[in-house]
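Below: the structure, in structure tokens.
As the structure is a prediction and not an experimental result, all values here were calculated from the model.
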Amino acid sequence: MKKLKSKRPEGSSRGVTHRLLPLAALALSVTHCGGPDIDLDAPQSGHTLGVTSAALSRRQRAVFPKPAHARADGTRDQQEIIVKFVEGSHVRFRAGSWALDLPGMSALEEHRLGRAKLDKQSLPGHFTKVHGLIAGDASIRVQRMFSRSEAELDAEQEPLEAASGEELADLNLYYTLHVPTAKSEALVDALNASELVENAHFAPKYVSLAVDIPPTTSDFSPYQFYLKAAPTGFDARYAWTQPGGTGTGVKIIDVELAWNLSHEDLDPPFWQWGTMSTKADVIQHGTSVLGEMVAAKNSYGVTGASYGATYGVAAISGSSVANAINAATPQLRTGDVILIEVGVPVGGDVPASGTTCVCNCGQFDMVPVEWEQAEFDAIKRATSGAINVVEPAGNGAANLDAAIYQNRFKYQTRDSGAIMVGAADRNHQPECYTGYGSRVDVHGFGDSVQTFGGTASGNSSPDQNQWYDPSFAGTSSASPMIAAAIADLNGNRRARSLIPDFGTALRFWLGSSGTPQATPVTKHIGAMPDLRAYITNAAEPPALGNVVAAKQSSTITSVFVAGADTQLKRWSASGTGAFQGPYALTTTTLVPAGANLATGKPTSTELDVFFVGVDGKLSRVYEQNDGTWQAISSLTAANFAPPGAPIATGVQNGTTLDVFVIDNSGNLQMVSTTGNGTWTGPTLVASNFAAAGAYLATGNQGTGQLDVFAANQQGTVRVTWVVGNGVWNAAVSLSATSVTKAGGPIATGIQNGNQLDVFYVGNDSYLKAYGVVGTGLWLGPWNLTSSPVATYGARLSTLVAGNQLDVFYTTGTGDLGMASVVGNGAWTTQTLFTDALLPTAATATAAQSSSLYDLFLIGNIGLARSTSTAGTSWATPTKLPPP
């Protein structure tokens, strides 16, 4: 890091302020029978004039070029036009008509409007021109695209943006125009010619994703093979034997066209929305989807893979997938599931793929619904609120990485957060029709799936309430398997008082673990989940579990992991020799699988390992003089902190070992010992420091000061500190809000012997740092990577090798990166290993000797070790003996 020059921390600034232009309050109302009316007496909104730096640092929405000409074809509805106004324009719907609500515009909206090269003075002119395209034409009808109230959508915008670290679309800027076919093409082109319109296009025609694949149904297995153990299935039957593993307490909402909700093997939905189609094929399609997931467990019919979950339905006939998703979102909570069961053709505005159809040609070139910007924006809102959205990759045999798709399915361009599902056969080979590519996360089975529904010709009963189907197929059959798997694993996590899984970590786990697709891989569709492996291996996915390393004594180096069998495991090496193990340090089942661990040395001859047990107690095991490891001893009462919660240790005043954890109330607590003395505490260090389960880091600022860091509930980097044996200071913020993941990983390191640095991954995916020399004032943040390659929420580790400080981080593609600085020089970055581990996997470091350094990682090959003799060139990781 460069020499420090300024001494004002970022937290001392209140953010960037944008002065509003001196324009009279103005509201324009559009009617269909006259010109715009101007209301100069509209009340002011009361919005603040400032825009925080946190809001300005959020990842921007991707906006794609508008087509020069809208081409109508059979894939689009020429009587419906979707219109999206530019972000910040604050166009609203008032009493049946559009209104340009300038008084209601916030400073942040004005800033985003400026990015579109518009301002408040020019808006009325642009708005009048758009109004003129439909003025006086009674054949054109305007309505809001999203049915939830304007106020409700406005109220959730800022909290969801802050939680996700990304800008989200203002869904109140979406409208649907109902237009006679003869006028539609010209109107789309005229709307797209306006700078006020982000995009106008014909509404998509949604297509159910069922496939009829040879051989005939008489050759299909009548059994629910997908419920069996891997690799035959995803082992729902094992999940059912675990607490909550039937999907208990989890809600799934299916978004498609219709269902037969009176089927004999189906309980009523907890929620129903929209108008169902009356077409027989789509009714049976939806019925088959529900059968895979939530068919009742009884003495007849089939059993749903997540039969303990409750389900809802959102019908899109006469509406849109985007509106249905947005309507479903408030019905759900963290870890629940929205399943999308339709796809879309890309339509006439995009050239054909140039490939030849070999199967399922009626749906050839069909793609996932997030191709549509409104659908993408609705999904992004849901996933930003910790809802899991499962989205089929489509039955169009589309290579989603192809250039014709404008990078809309590339993580680097935009990421909806949905879990995208491809389809495979019984051997895990991609089906000929499945969509594929880097955006496809995971696969399910795409033919011969036993469920209920089907057709009259395939059933002997005349009553459709007793129809069963052994031949359900397509990404339509693959996707409910993934939705059910998520419900089962989150039902189990809730039953164990763990936070349900969602977001990037879950997505990468699903696509990287379990049963891989067959090799050679020519069409990427990811792995199929294995619920037994997930549930038995860790409280978190195995590759997301924690690993710590420490110098046990002058001759022994040890590395520790909380094993899948709820035992604390240790590997060790003497001198510069090979690592041996694992050795079990505990005999009870108190250590949560995959728990976060920390180490500390009360004396030079004692090493302690700390964890929060399944009983919520902060506990330890320890050894002295390289002797026998002692039994678990508890340092707090039960239910003190979340099981497996992150812990940090630090040395206060050179003699006292402090152990820190965030308790169940969000308070920073500490237990301490001096030498081999009695443990004291817990002692309250700071109230409401961060959310329970937040990561912590410690560092010594100078020789007599100990600091503790965390990212609080608002994603603000905070610090509290103590000098000597004095009183802990009130926590202060180093950063603005929403700079990093709330409660996310954080790390510290000493640069050049006298500078303490604090590291985190920002919402923009840059590796960032603050720094302070001695007991001076903090500076930062600095970007340590030149591009946004670090995984948001990634765990970090640091290593001091001589005068060099290294920070290790993961990337979104599973690479392990290292940022390094020598002395006070410039930071450099390099990729150490490609595709070595999951993007949020843990690493740990240790100095095995004065010249031999160890790097441990829980990667694709399990717990692995790399070595370096100088801290720069690292050897290829080798697997440690498995636990």
Side-chain angles (χ1 to χ4, degrees), residues 27-39 66-86 89-101 123-150 170-207 257 274-279 315-324 326 344-345 347-349 372-375:
L28 300 179
S29 297
V30 177
T31 64
H32 294 159
C33 56
D37 298 322
I38 299 177
D39 178 7
K66 294 183 279 191
H69 174 61
R71 291 186 298 157
D73 60 21
T75 68
R76 300 273 144 171
D77 186 346
Q78 284 185 256
Q79 294 184 324
E80 285 192 8
I81 299 172
I82 306 300
V83 181
K84 165 66 166 58
F85 290 100
V86 297
S89 57
H90 209 73
V91 176
R92 291 296 184 256
F93 201 60
R94 300 284 189 269
S97 63
W98 275 329
L100 183 58
D101 181 13
L123 278 187
H126 291 292
F127 183 81
T128 300
K129 290 179 181 178
V130 171
H131 163 267
L133 299 175
I134 59 174
D137 192 337
S139 67
I140 299 176
R141 180 168 59 89
V142 182
Q143 69 177 102
R144 295 176 67 241
M145 184 175 186
F146 292 92
S147 56
R148 289 172 62 203
S149 73
E150 175 187 316
D170 177 357
L171 300 188
N172 283 314
L173 295 174
Y174 274 101
Y175 296 91
T176 302
L177 299 182
H178 301 272
V179 185
T181 301
K183 302 178 180 180
S184 59
E185 277 194 60
L187 183 54
V188 169
D189 290 345
L191 287 165
N192 278 327
S194 171
E195 297 175 62
L196 186 60
V197 174
E198 180 178 292
N199 202 294
H201 58 272
F202 295 124
K205 291 182 178 178
Y206 302 108
V207 181
L257 289 159
T275 302
M276 284 198 278
S277 170
T278 58
K279 294 178 63 176
I316 61 172
S317 182
S319 185
S320 67
V321 170
N323 192 18
N326 192 245
V344 294
D349 294 336
E372 303 291 328
Q373 189 63 47
E375 272 66 17

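Looking at every heavy atom in both residues, A322 comes nearest to F146 through O-CE2, 3.2 Å.
Within the model, atoms CD of Q78 and OG1 of T181 stand 5.5 Å from one another, a figure rounded to the nearest 0.5 Å. With values rounded to the nearest 0.5 angstrom, I82 atom CD1 is found 8.5 Å from L177 atom CG.
Atom NZ of K205 sits in a crowded spot, with more than 12 heavy atoms from other residues, nucleotides or ligands closer than 6.0 Å.
If you run side-chain contact (heavy atoms from CB on, under 4.5 Å) between N326 and each of E375, R148, M145, only R148 comes through.
In this view, N323 and S147, S319 satisfy the side-chain hydrogen bond (donor to acceptor under 3.5 Å, both in side chains) rule, not counting sequence neighbours. By the salt bridge (Lys or Arg N to Asp or Glu O under 4.0 Å) test, E195 pairs with no residue at all, sequence neighbours left out. Considering only residues two or more places apart in sequence or on other chains, Y206 meets the ring pair (Phe, Tyr, Trp, His ring centres under 6.0 Å) condition with none of them.
Using modelled atom types, no side-chain atom of N172 and backbone atom of V91 make a donor-acceptor pair closer than 3.5 Å. K129 places no side-chain N or O within 3.5 Å of a backbone atom of L196 that could act as its donor or acceptor partner. Side chain of N199 to backbone of K84: no donor-acceptor contact under 3.5 angstrom is found. With hydrogens and angles disregarded, no donor-acceptor distance shorter than 3.5 Å links the side chain of R94 to the backbone of A99.
A perpendicular orientation is assigned to the rings of Y175 and F85, their planes being inclined by more than 60° (bins at 30° and 60°).
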